[in-house]
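What follows is a single structure, written as structure tokens, with notes after it.
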Amino acid sequence: MKYEFHQIEKKWQKIWEEQKVNAAVNGGDKPKFYALVEFPYPSGDGLHVGHPRPYTALDIVSRKRRMEGYNVLFPIGFDAFGLPTENFAIKNHVHPREVTKRNIARFTDQLKMLGFSFDWDRVVDTTDPEYYKWTQWIFLQMFKKGLAYKTKMPVNWCTSCKCVLANEEVVNGVCERCGSPVVRREKSQWMLAITKYAQRLIDDLDDLDYIERVKIQQRNWIGRSIGAEVSFKTTAGDEMLIFTTRPDTMFGATYMVMSPEHELLKRWEDKLTNLAEVKAYQEEAARKSDFERTEMNKEKTGVRLQGVAAVNPVTGEEIPIFISDYVLATYGTGAIMAVPGHDERDWEFAHAFDLPIVEVVQGGDVTKEAFVDKDENARMVNSGFLNGLSVKEAIPTMIRWLEEKGIGREKVNFKLRDWVFSRQRYWGEPIPIINCPKCGWVPMDEKDLPLLLPDVKSYEPTDTGESPLAHMTDWVKCTCPKCGGSAEHETDTMPQWAGSSWYFLRYMDPHNKEALVGKDAIDYWNRVDWYNGGMEHTTLHLLYSRFWHKFLYDIGVVPTSEPYAKRTSHGMILGLNPRNFANLDPAEQEKLVAEFGSEEGAQKHLTEKYGEMAEHPIVKMSKSLGNVVNPNDIVNQYGADTLRLYIMFIGDFEKAAPWQDTAVKGSKRFLDRVWNLEQKVTPGSAYSKENEASIHRTIKKVSEDIEAMKFNTAIAALMTLVNEFYDKGLNKADYQLLLKLLSPFTPHIAEELWEMTGGEGLCCRQPWPKYDVSKMADAEKTIAIQVGGKLRSTVVLPADSPDDAVVAAALKDPKIAKQMEGMELVKSIVVKNKLVNLVLKPKKLDKPQE
RNA sequence: GCGCGAGUGGUGGAAUUGGUAGACUCGCUAGAUUCAGGUUCUAGUGUUCACUUCGGACGUGGGGGUUCAAGUCCCCCCUCGCGCACCA
């Protein structure tokens with residue numbers, strides 16, 4: 001019989017669905033396990049081969065857990081609000097809802113085709129009013145607690161999406177999504193006060209089982225620094241507040257700098273004698289995009305304020321104030337004390353403007369460069385009452401002094417900014433807030449939720465920055481819930497990150513009409529046990545959802561302050577670059593070499609033709625390069641099991657890996673061999689003697705590797721086992737063991753062969769095999785014999801042979817005997833069951849050789 | 001610049017309480033089977049010298065070091081990827 005994967009896969013997918021083998025139950029005696037993968041954005045392109053990598057990984061874990069007796073919740077859903085759908089809808093004159101429906105249907109088919117063991121009765125769709133009702137509800141709770149507020153502020157404006165972006169969505173000054181330039185605009189926006197949770201978001205990372213690089217990235221993003229806030233008197237009469245991490249260096253503060261946007265500047269207008277110059281600089285700074293402002297190695301520019309100066313509180317000296325765009329309005333207080341001796345930027349600025357540089361910490365040469373080491377043991381100089389103290393002592397001494405004088409205090413500062421939460425687009429959750437001319441911003445009544453998205457004729461974004469909803473006068477007009485007067489709905493919508501910030505809770509209780517999640521359900525499932533997702537979400541979705549969860553914890557909705565016990569991350573699937581010489585077909589290569597003289601010449605030609613990108617043999621998959629792999633094609637050609645196997649075998653799960661079409665057939669070949677192996681099976685209800693040790697070793701290896709996400713080596717171990725079965729023969733018990741181990745990876749073929757060999761019930765419902773360490777060891781061991789650390793021979797000995805027996809056997813070995821000629825044994829090292837190393841030295845000759 | 005990670009055959013990648021480097025694939029070579037096939041099987045495949053045999057030398061980005069023994073530990077250097085980036 002042939003391995004007819006198409007039929008087999010359809011057959012078992014149907015049976016699993018009918019028998020609901022993957023349904024999670026809310027409650028029961030089994031231990032619970034909640035495995036989560038990031039739900040997809042249902043794009044018009046359908047699934048690409050990147051999707052199945054994390055899905056297959058947690059599918060394997062989930063299937064193994066079920067076999068181990070867990071009640072497993074492994075759900076899937078769709079994060080379906082967002083710009084691509086809206087843009088597609090605009091271009092093709094279809095309603096985004098229709099587009100979304102079609103895309104979800106397509107994704108569902110594709111996901112089912114791959115045999116993932118999702119519980120399809122728990123599918124969540126963020127654009128479903130029954131779902132976004134609760135997204136809106138959470139927003140209302142945040143509003144009521146003062147965590148959601150509207151404020152006028154400079155925002156990131158994407159010139160192409162015509163929409164504001166959160167800081168997290170701006171990458172190198174361009175839009176994370178479309179790559180267009182981002183400019184600064186003054187706009188009134190809804191904000192979420194994530195900064196109020198900054199401390200907890202950092203501290204609580206310590207107890208979580210996240211891979212380290214995720215923790216590090218979140219810590220860096222939140223960016224906590226400890227220092228002091230100090231107010232400096234000015235000659236204008238008011239005070240200038242600054243933040244510094246180096247209060248110890250205050251005696252070295254020879255000037256001040258504030259950002260061009262600083263609010264004090266407005267108040268000082270009548271005192272500034274060079275106001276025109278100041279204004280010109282402000283305008284110049286405002287015109288620059290984020291990218292221009294943050295370009296590295298930038299020359300320091302600025303303007304000295306004439307007419308106002310500050311007073312250094314420790315030295316009592318009057319020092320000048322500058323404005324410069326190297327000081328950011330959005331960090332700290334938007335102003336700094338400049339210590340050019342001990343800060344690189346200040347040093348550069350001081351040099352450019354010929355300002356005095358004072359050394360206050362010993363250890364460098366401040367005439368040559370800033371000495372920035374925060375060496376705790378370095379001594380203070382030129383620092384009045386701090387002189388002679390170490391940096392370590394000087395910091396608290398200075399803070400105490402500032403507190404006594406009432407002009408400063410210890411202060412923790414964060415890089416994290418509040419979250420810009422409104423978008424001027426159509427396809428998102430409407431913000432359930434009403435603008436009343438009398439009462440201001442008023443929350444909608446909870447019982448009026450969901451606030452439905454209206455059907456609009458045109459959802460094109462506008463250049464004015466107004467939401468498309470603003471044109472829907474009927475929808476906009478409403479009555480104020482507070483005073484009953486006429487009022488207006490907020491017309492901005494929520495960002496795409498809103499719906500995904502709590503979706504994992506909805507899976508626990510997806511059909512609940514009374515609450516976002518029922519108490520029984522949340523008490524039972526508690527939180528996600530294992531969450532796998534992309535590194536690109538570390539400072540976006542992962543951070544946002546932790547924030548929302550902490551809020552929900554604070555208002556008593558969820559029982560845990562953290563949503564995910566464990567977080568792992570997969571590497572990207574890359575593609576071969578068809579424009580790189582190495583990836584051309586041989587005929588093409590030959591032709592180019594003939595034409596350009598050499599491979600280097602040929603590559604140079606390709607680089608000239610296509611640009612620098614052609615230099616890289618492995619690149620991201622992209623439509624424009626035509627190297628995108630569609631999982632449907634692989635399934636059609638080889639079957640879902642082969643795709644699943646290959647995508648897990650491709651390499652280290654956490655690292656990026658290039659898709660190679662030719663390598664896929666190795667996985668197919670393996671499954672063919674598993675299939676054909678059935679012909680060789682002899683009767684037997686216990687593991688055969690000759691395979692027993694290998695079987696126990698393989699069970700251990702596969703079990704442990706799945707937990708460690710080392711799927712590639714787990715599969716290699718299974719391949720080795722199959723190779724051994726071909727060599728040594730196998731019985732039915734051996735074969736069925738193989739099928740059980742294979743079942744999480746390639747469930748369809750495992751199920752079919754299980755049935756063919758007369759296995760009872762379903763393979764996926766068998767208990768996960770156990771291993772016995774005492775049965776893993778071979779009776780005989782191959783011992784390596786080294787001389788001076790170099791392998792010279794091997795010898796086969798009974799397991800656990802005593803050291804002296806090993807040495808004796810080694811010395812008897814003919815190859816070793818040859819090595820021993822003219823030498824004597826100095827010492828020998830034996831590593832049990834592994835090797836013996838003989839250390840030799842030349843024999844002293846008793847009599848001269850003839 | 002700072003942080004994190006990584007450099008191993010023709011290729012994807014194994015192997016770190018230091019203990020036989022290259023498991024398991026792809027590719028390639030030879031043979032067999034089939035013979036229109038992207039089929040299957042057997043043997044081989046790090047480089048190199050010897051090649052009649054035994055075998056020898058070298059080999060994990062480069063250079064030092066520790067050790068009976070180093071891909072693994074220590075010091076210096078180079079390259080690449082990712083993240084952050086004037087954060088006071």
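Per chain, numbering begins at 1; letters A, B, ... match sequence-line order.
When heavy atoms are screened at a 4.0 angstrom cut-off, A/Asp652 is found touching the sugar-phosphate backbone but no base atom. Contact annotation for A/Lys300: base contact, defined as any heavy-atom pair under 4.0 Å involving a base atom. Using a 4.0 Å heavy-atom cutoff across all strands shown, A/Gln218 reaches no nucleic acid atom at all.
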Look for any protein N or O under 3.5 Å of an N or O in nucleotides 22-28 of chain B and output each such pair with its distance, or none.
residue	atom	partner	partner atom	Å
B/U25	OP1	A/Asn723	ND2	3.2
B/C26	OP1	A/Arg669	NH1	2.6
B/C26	O2'	A/Thr662	OG1	3.4
B/G27	OP1	A/Lys665	NZ	3.1

Could I get a table of every N or O pair under 3.5 Å where one atom is in the protein and the other is in nucleotides 3-10 of chain B?
none

Would you tabulate the pairs of protein nitrogen or oxygen atoms and nucleotide nitrogen or oxygen atoms of nucleotides 31-36 of chain B closer than 3.5 angstrom?
none

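Residue pairs satisfying the salt bridge (Lys or Arg N to Asp or Glu O under 4.0 Å) criterion with at least one member in residues 329-344 of chain A, sequence neighbours excluded, are listed as follows: A/Asp343-A/Arg345.
Taking 4.5 Å as the limit, some side-chain heavy atom of A/Met709 sits within range of a side-chain heavy atom of A/Thr568.
No side-chain donor from either of A/Asn577 and A/Asn627 sits under 3.5 Å from a side-chain acceptor of the other.
In textbook terms, a nucleotide whose glycosidic angle is within 90° of 0 is syn, while B/G7, being further out, is anti.
For A/Arg417, there are no side chain to side chain donor-acceptor pair (under 3.5 Å) partners, not counting sequence neighbours. A search for ring pair (Phe, Tyr, Trp, His ring centres under 6.0 Å) contacts involving A/Phe725 returns nothing, not counting sequence neighbours. Among residues two or more places apart in sequence or in another chain, the ring pair (Phe, Tyr, Trp, His ring centres under 6.0 Å) test is passed with A/Phe349 by A/Tyr255, A/Phe322, A/Tyr326, A/Phe353. Partners of A/Tyr3 under the ring pair (Phe, Tyr, Trp, His ring centres under 6.0 Å) rule, at least two apart in sequence or in another chain, are A/Phe5, A/Trp675. Under the rule for a salt bridge (Lys or Arg N to Asp or Glu O under 4.0 Å), A/Glu239 has no partner lying at least two apart in sequence or in another chain. Not counting sequence neighbours, the partners of A/Thr195 by the side chain to side chain donor-acceptor pair (under 3.5 Å) test are A/Asp418.
Of the residues in residues 533-543 of chain A, not one comes within less than 4.0 Å of RNA chain B through any heavy atom.
Following rounding to the nearest Å, A/Phe414 (CZ) and B/A88 (P) show an atom-to-atom distance of 12 Å. Rounded to an integer number of Å, the gap from A/Lys834 NZ to B/G18 C1' is 11 Å. Rounded to whole Å, atom P of B/C82 lies 13 Å from atom CD1 of A/Ile618. The CG atom of A/Asp343 sits 18 Å away from the P atom of B/A85 (whole-angstrom rounding). If you measure from atom CD of A/Glu615 to atom P of B/U79, you get 16 Å, rounded to the nearest angstrom. Spacing between atom NZ of A/Lys832 and atom P of B/U20 amounts to 17 Å, rounded to whole angstrom units. Going from atom CD of A/Glu229 over to atom C1' of B/A88 covers 13 Å, rounded to whole Å.
The closest donor-acceptor contact from the side chain of A/Ser569 to the backbone of A/Met535 lies under 3.5 Å.
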Going 5' to 3' through nucleotides 67-73 of chain B, assign each nucleotide B (protein heavy atom under 4.0 Å from a base atom), S (under 4.0 Å only from sugar-phosphate atoms) or - (no protein heavy atom that close).
-BS----
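Within 6.0 Å of atom NZ in A/Lys215, more than 12 heavy atoms from other residues, nucleotides or ligands are found, so the atom counts as buried in its surroundings.
With A/Phe670 as reference, A/Leu718 is the one residue of A/Thr642, A/Leu718, A/Asn723 to meet the side-chain contact (heavy atoms from CB on, under 4.5 Å) rule.
Taking only distance into account, the side chain of A/Tyr638 meets the base of B/G38 through a donor-acceptor pair shorter than 3.5 Å.
Spacing of C1' atoms, B/G71 relative to B/A6, comes out at 13 Å, to the nearest Å.
Under the Watson-Crick or G-U wobble criterion, with both distances below 3.5 Å, B/A69 has no partner in any strand shown.
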